[in-house]
Amino acid sequence: MKTDSKKYQKKTEKEIDKIIGKMTLDEKISMIHGVGLFRTGAVERLGIPSVISSDGPMGVRADFMNDRWIPSGNNDDKVSYMPSNSALASTWNPERAYEMGHVLGAEARGRGKDVILAPGINIKRDPLCGRNFEYMSEDPKLTATLAVPFIKGVQENDVASCVKHFAANAQETDRLMVDEEIDDRTLYELYLPAFKAAVQEGNVYSIMGAYNKINGYHCCENKNLLDFVLRAEWGFDGTVISDWGAVHKTREAAQCSMDMEMSIFADFDEYKLANPLKEAILKGEISEETVNAKVRNILRMMYRLKMIGKEKEHRKQGVYNAPEHRKMILRTAEESMILLKNENHVLPLDAKKIKKLVVIGQNAAKIHSDGGGSAEIKALYEICPLMGLKTYLGGNTQVQYLKGYHVPDKPKTFDHNWQADSLDDLKNTDVGQPVRDEVNQTEMQRKGEEERLAALEKEKTEIHEKNKVLFTQAVEAAKDADAVIFVGGLNHDIDSEGFDRSDMKLPYEQDMLIEALLDVRKDLIVTFVGGSPVEMPWRDKASAILWSYYAGMETGNAFAKIIFGDVNPSGKLAETFPKKYADCATAKNGQFGLWGKIRFEEGVYCGYRHHDRQRIAPAFCFGHGLSYTEFAYSGLTLKTEKGRDVKLSFTVKNTGKKSGSEIVQVYVAPIGAKVNRPDKELKAYAKIELAPGKSGKVNLVLKQEDFAYFDEHLHAFISDEGDYEILVGASCEDIRLRGIVTLS
Ligand code: BGC
């Protein structure tokens with residue numbers, strides 16, 4: 001019998017009820033909280049195993065001891081290091097998303113995991129959020145359409161995807177306690193759609209409640225979010241798992257749809273949904289049915305994963321470090337890199353003409369897989385850009401590498417993120433328990449933040465002194481080479497869980513170095529590896545700029561193939577790169593990175609929606625990305641079908657000399673809208689591969705919901721009658737075709 005058939009589901013529900021009927025209160029309670037850092041309690045008597053989870057979005061994290069944040073230290077947990085969600089989103093390719101989900105699911109199962117804590121689908125509200133590299137985009141449509149195939153790819157391996165962090169986990173500052181004031185329209189239009197798609201289209205088996213509060217209530221104790229939106233409106237019947245330490249109050253968490261409490265602490269019996277809940281039930285303050293409901297949701301997930309029941313012997317076994325995983329990772333990395341600028345066809349380089357290549361910049365030789373917080377990975381290997389270039393060129397080309405700028409060794413204080421801090425305390429005490437009331441948690445984070453900022457200030461002098469020598473060496477070397485590639489950007493000392501970036505500038509005085517290099521080499525190829533936008537004040541002077549997010553174990557190979565033209569770049573920005581931080585909506589309203597409370601005053605106007613409305617030109621807009629070939633768009637036709645569906649068709653032609661892929665984007669712009677609405681919003685896109693001179697037809701459908709906005713009074717999405725402009729473009733600013741449809 002098919003496991004998703006109605007009959008099977010009905011049978012399963014009956015079996016679940018039977019199992020619950022046989023369970024003692026203690027057994028039930030053991031299932032709804034961690035009894036290890038990544039494990040819940042088993043009920044062996046009834047054949048119910050523990051649920052074993054693991055981070056995270058960039059591969060399956062290394063194993064920890066059960067009750068200590070100390071890595072197991074074995075060498076059997078090295079894995080495929082996958083492109084970050086930001087890199088994946090830059091492919092704008094649901095097929096790649098599906099493949100990456102498949103790789104992650106297979107590796108998680110191969111490592112014996114039941115739940116993989118990924119993907120991260122929070123909307124990037126502000127470019128400084130420390131965890132933006134783990135998230136996909138500033139746009140809900142793009143995020144949703146990539147999250148769905150990703151989840152399907154994971155779950156076909158009999159592993160649950162746990163989408164995170166529900167919801168609006170938009171900043172790391174004060175992340176445990178910050179209270180976000182968000183109106184319903186903003187929530188429903190911007191911060192919830194990807195989660196809704198994960199539930200309704202991706203059929204995700206689990207979802208992680210976020211640390212933050214929304215409108216006064218912690219997300220893991222938020223009845224509106226969990227009971228009303230998630231369960232009642234969207235029909236979610238899977239497992240809600242708390243972020244690690246995100247449950248604060250027993251009664252509140254027990255009486256809403258929070259199913260499984262996980263935390264960073266080793267006092268498992270004291271978790272809010274452990275002994276405190278048991279006591280409340282025994283006193284009659286909370287009904288046992290609240291626990292039954294949670295157990296039911298967990299057991300349902302277990303049946304789906306074939307952890308229990310008759311299908312058990314058919315559960316997939318998974319595999320990690322499979323050679324085909326690396327091929328898929330390489331393909332995604334290649335599609336993820338974004339050519340931001342390429343004047344005078346500086347790129348691609350002709351390898352045959354290069355006898356001496358100078359490579360400058362710390363990110364050429366840097367390994368990124370081992371950082372960033374819970375997304376860190378023990379990679380089987382990671383090919384850095386320098387290694388990619390060298391293996392591509394072979395021994396007959398001289399490749400000279402210079403650091404270019406100084407990166408201080410990461411001092412201890414940088415390890416201050418909340419998870420890590422608590423880990424240190426755990427390591428250092430006999431009892432293994434840091435003090436754990438909320439005030440202390442906030443204080444710990446605040447103290448850590450102060451120390452971090454003080455350390456950063458101190459470092460500035462050290463960097464400046466060391467850079468004097470490094471800059472001179474780099475500039476001298478740059479003069480004497482056939483080509484010069486700068487590889488700079490960010491790293492996980494900056495793009496990290498636990499704190500936000502303090503500004504949008506390139507660290508380590510890289511701007512100064514780039515300016516100096518551009519003075520001697522107009523043809524300097526400026527490339528970056530990083531997880532979030534940076535200001536590029538010298539960008540008008542540069543001829544070529546290539547951006548790569550953290551792109552996984554094959555980064556260097558993909559990088560070299562793009563530099564030398566074996567791969568034609570096709571990635572496009574899934575987020576706006578503003579000229580300067582001050583241009584952002586959140587910089588203007590000052591409602592980001594505050595402690596205590598933040599108000600989402602900008603409403604739906606963040607990212608390109610804000611830049612459009614305020615007529616602020618970004619450095620590189622949402623959807624931007626160049627190719628080594630050119631594409632022409634023509635012949636837009638629009639047909640309104642079946643009531644309000646709009647069928648869209650147009651032709652794209654490769655007018656250049658190289659094969660390439662173009663990501664075409666469709667934006668809907670209401671004309672004379674009754675309510676305040678963004679100038680335009682992404683509603684469809686496609687990626688089309690074309691040989692030189694060839695044309696292809698793109699057919700897309702816009703549904704009624706693509707014209708809708710959320711009406712708070714009706715508490716529903718509605719699409720008004722009237723005219724809408726349909727904009728077809730190569731980016732959100734490079735609109736090539738226009739048409740008008742009338743909804744009546
Ligand atoms: C992070 C989650 C992660 C969890 C378990 C938390 O600190 O916010 O994303 O899955 O830890 O490591």
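Atoms within a ligand are numbered from 1 in the order they appear, just like the ligands themselves.
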W69 N/O to ligand 1 N/O under 3.5 Å: no
Ligand 1 to W244 polar contact by distance, N or O atoms, under 3.5 Å: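 Among all N and O atoms of W244, none is under 3.5 Å from an N or O of ligand 1.
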May I ask you to identify, for [X], whether its side chain, its backbone, both or neither come under 4.0 Å of ligand 1 on a heavy-atom basis?
X	value
E172	neither
R175	side chain
K164	side chain

Heavy-atom proximity to atom 8 (O) of ligand 1, best of L117, D243, V115: D243
Smallest separation among heavy atoms of S86 and Y549, with atom names: CB-CD2, 3.4 Å
Taking only heavy atoms of [X] into account, list the atoms of ligand 1 that are under 4.0 Å away from them.
X	result
S374	1 (C), 2 (C), 3 (C), 9 (O), 12 (O)
F38	5 (C), 12 (O)
R61	12 (O)
M208	10 (O)
D55	3 (C), 5 (C), 10 (O), 12 (O)
H165	2 (C), 8 (O), 9 (O)

Within the 3.5 Å criterion, strictly below it, is a donor on [X] or [Y] matched to an acceptor on the partner's side chain?
X	Y	value
R131	S374	yes
H165	Y135	yes
Y550	E134	no

Ligand 1 contacted by E497 (non-hydrogen, < 4.0 Å):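 Yes, E497 has heavy atoms under 4.0 Å from ligand 1.
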Side-chain ion pair, D227 and R231, N-O less than 4.0 Å: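 Salt bridge between D227 and R231, a charged N being under 4.0 Å from a carboxylate O: no.
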Ring centroid separation F150 to H102 under 6.0 Å: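 Ring-ring flag for F150/H102: false, centres at least 6.0 Å apart.
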Ring-ring centroid check F600 Y191, cutoff 6.0 Å: yes
Plane angle bin for F38 and F64 - parallel if under 30°, tilted between 30 and 60°, otherwise perpendicular: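 The rings of F64 and F38 lie parallel, inter-plane angle below 30°.
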Over-ring placement of R125 relative to F592, 6.0 Å and 45° cut-offs: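 No, R125 does not sit over the ring of F592.
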